[in-house]
2 protein chains.
Amino acid sequence: MNKPAPRRIPAAERRELMLDAASVVFGERGYAGATTDAIADAAGVSQAYVVRTFGSKENLFAEAATRAIDRIAAVFREAGTRSPAPGADMQSVLGRAYVDLVADRGILLTTMHLFTLGHHPRFGPLARTGMLDIYRVLRDEVGLTDTQCEEFLAKGMLINTVLGLGLPGIVDDEPEARNLMTCIFEDDTHEVLSLTADQEPFTAIRRETRRGQP
Amino acid sequence: MNKPAPRRIPAAERRELMLDAASVVFGERGYAGATTDAIADAAGVSQAYVVRTFGSKENLFAEAATRAIDRIAAVFREAGTRSPAPGADMQSVLGRAYVDLVADRGILLTTMHLFTLGHHPRFGPLARTGMLDIYRVLRDEVGLTDTQCEEFLAKGMLINTVLGLGLPGIVDDEPEARNLMTCIFEDDTHEVLSLTADQEPFTAIRRETRRGQP
DNA sequence: GTCTATATCTTGATAGAC
DNA sequence: GTCTATCAAGATATAGAC
């Protein structure tokens with residue numbers, strides 16, 4: 001009935017927990033919309049401890065966003081080396097990789113939010129180099145042509161967008177939504193829908209005075 | 001040195017001015033990141049008057065976002081009817097239309113921010129129906145195939161993203177950025193770059209006590 | 001290491017003057 | 001119609017106990 005099992009967790013691991021929570025919450029609400037309180041809640045620690053650990057909300061977002069970009073770049077890089085045949089059906093190999101990324105929605109959505117922050121003095125540069133990093137991985141390491149890069153990036157942005165929209169959540173009510181999803185994901189539609197099945201229509205906005213049950 | 005010319009403007013027109021300002025500011029900072037104060041500043045009115053006019057920041061965003069979606073749908077619809085030959089090069093006709101939309105960046109960026117609000121109780125539904133509306137216009141009124149819709153929407157999301165990133169602002173410093181821009185906009189690159197030339201690296205975050213010069 | 005206060009600042013919204 | 005002044009709530013960050 002009290003603290004839900006205060007088991008001893010090494011600080012490093014708890015730090016990771018907080019980063020994971022940050023990824024989810026920032027992915028849902030964006031940088032400005034997210035609160036350190038909601039992140040703390042999701043990580044099961046106090047709000048003060050989140051801030052204390054990362055120094056500031058700004059630092060926390062920078063770290064979460066950097067991690068997200070790095071993760072995406074790594075997944076593409078690895079997918080690129082996995083298939084021996086360069087060119088040919090490389091697009092679909094990368095497509096698979098992208099679908100896998102959907103499993104951790106936070107990564108994709110945090111990145112998309114980062115990409116909307118071009119105006120920000122600190123995150124703007126981070127966002128631009130992040131996009132260019134991914135572009136370079138696709139072109140120089142995976143070996144896509146410029147046109148292929150553009151098409152792949154475009155599709156990626158559309159996927160991020162429909163995830164942010166929560167389109168998977170309404171396929172049962174809106175036939176058009178299912179239609180569009182199918183058109184985007186084709187054979188992977190079913191898998192993507194099950195990967196995002198946990199997505200509630202929207203996470204209820206918390207309104208407790210602060211911390212825990214009222 | 002005082003009020004910068006308090007010329008008499010009809011309230012209806014001033015309301016439009018506020019909506020335009022809202023489009024720009026929401027486009028730059030998103031719903032949560034924008035303040036009614038910044039919008040008021042951009043419109044040249046008092047913060048209280050903005051809230052008074054629209055009832056709440058939430059209402060203001062709903063109206064600005066709805067306007068943006070309607071505008072985009074209208075532009076596509078009109079572009080679709082302009083060219084007599086259906087199919088064929090319809091894609092490039094729409095491409096032109098999209099480039100024209102870039103001229104009013106606020107429309108595109110506010111829409112993109114709307115699309116990140118899937119979790120929001122009020123804006124989530126608005127965002128989803130907005131996307132589906134545009135999809136239906138492309139498919140049912142313009143006559144694109146499902147595949148063409150998907151490609152066009154994807155490219156649109158990529159364009160929105162690079163605009164939000166502020167990629168046009170760094171083409172002179174980062175060759176890769178110019179490369180990517182060229183790859184996306186091809187023949188229209190030059191035009192797009194001049195349309196976005198006014199885009200400062202980022203709008204300085206205002207830090208006055210409140211209102212006007214300190 | 002991690003939590004419980006709490007100081008401080010930002011910001012949306014309201015009241016009331018002009 | 002539009003502004004000035006102000007309130008109340010929310011949120012980040014800090015201090016200090018345990």
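All values below come from the heavy atoms of this structure, side chains included, with hydrogens, waters and symmetry mates left out. Note on naming: letters A, B, ... go to the chains in the order of the sequence lines (proteins, then strands), and numbering restarts at 1 for each one.
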### Task
Check the distance between C:dT11's C1' and B:Ile39's CD1 and give it to me in whole angstrom.
12 Å
### Message
Taking the nucleotide of DNA chain D with the nearest heavy atom to each, does A:Ala48 or A:Gly33 sit closer to the 5' end?
### Response
A:Gly33
### Message
In this structure, how many angstroms lie between the P atom of D:dT2 and the CG atom of B:Leu17, rounded?
### Response
11 Å
### Query
Can a salt bridge be assigned to the pair B:Glu63 and B:Arg67 using a cut-off of 4.0 Å between side-chain N and carboxylate O?
no
### Message
Let's see if you get this right: which residues in residues 52-59 of chain B place a heavy atom under 4.0 Å from DNA chain C?
### Response
B:Arg52, B:Ser56, B:Lys57
### Message
Between D:dA11 and A:Gln47, counting only base atoms on the nucleotide and side-chain atoms on the residue, is there a donor-acceptor pair under 3.5 Å?
### Response
no
### Query
Rounded to the nearest 0.5 Å, how far apart are OG1 of A:Thr129 and CD of B:Glu176?
12.5 Å
### Query
What integer distance in Å separates B:Asp41:CG from D:dT2:P?
17 Å
### Summary
From CD1 of B:Ile9 across to P of D:dT2 the rounded distance in Å is 8 Å
### Electrostatic pair B:Lys155-A:Glu150, nearest N-O below 4.0 angstrom
yes
### Message
Assess whether a salt bridge exists between A:Arg136 and A:Asp133, defined as any Lys/Arg side-chain N lying under 4.0 Å from an Asp/Glu carboxylate O.
### Response
yes
### Message
Nearest to the side chain of A:Thr35, heavy atoms from C-beta on, is which of D:dA11, C:dT4, D:dT2?
### Response
D:dA11
## Note on the structure
Rounded to whole Å, the CE-C1' distance (A:Met18 to C:dG1) equals 10 Å
### Task
Remember a base hit wins even if backbone is also touched, and classify B:Ala34 as base, sugar-phosphate or nothing at under 4.0 Å, heavy atoms.
sugar-phosphate
### Query
Do B:Met18 and B:Tyr49 come close enough that some side-chain heavy atom pair is under 4.5 Å?
yes
### Message
Classify the ring geometry of B:Phe26 against B:Phe61: parallel below 30°, tilted from 30° to 60°, perpendicular beyond 60°.
### Response
perpendicular
### Task
Rounded to 10°, tell me the angle between the two end axes of the helix from C:dG1-D:dC18 to C:dC18-D:dG1, each built from five pairs.
0°
### Message
In this structure, how many angstroms lie between the P atom of D:dT2 and the CZ atom of B:Arg15, rounded?
### Response
12 Å
### Task
Rounded off to whole Å, could you give me the CG-to-P distance for the A:Asp37 and D:dA13 pair?
13 Å
### side chain to side chain contact (heavy atoms under 4.5 Å, CB included) between B:Leu101 and B:Phe76, intermediate numbers included
CA-CA 10 Å; B:Leu101 280 173; B:Phe76 289 164; 4.0 Å; yes
### Message
Just to verify, what does B:Cys149 make a side-chain contact (heavy atoms from CB on, under 4.5 Å) with, not counting sequence neighbours?
### Response
B:Tyr135, B:Leu138, B:Arg139, B:Leu144
### Query
Yes or no on side chain to side chain contact (heavy atoms under 4.5 Å, CB included) for A:Ile134 and A:Leu153, after CA distance, side-chain angles and deciding distance?
CA-CA 9 Å; A:Ile134 291 174; A:Leu153 286 174; 4.2 Å; yes
### Query
For C:dT11, does either OP1 or OP2 sit under 4.0 Å from a side-chain N or O belonging to B:Thr36?
no
### Query
A:Arg14 side chain N/O closer than 4.0 Å to the phosphate oxygens (OP1, OP2) of C:dT2?
yes
### Nearest-angstrom distance from the residue atom OH of A:Tyr31 to C1' of D:dA11
12 Å
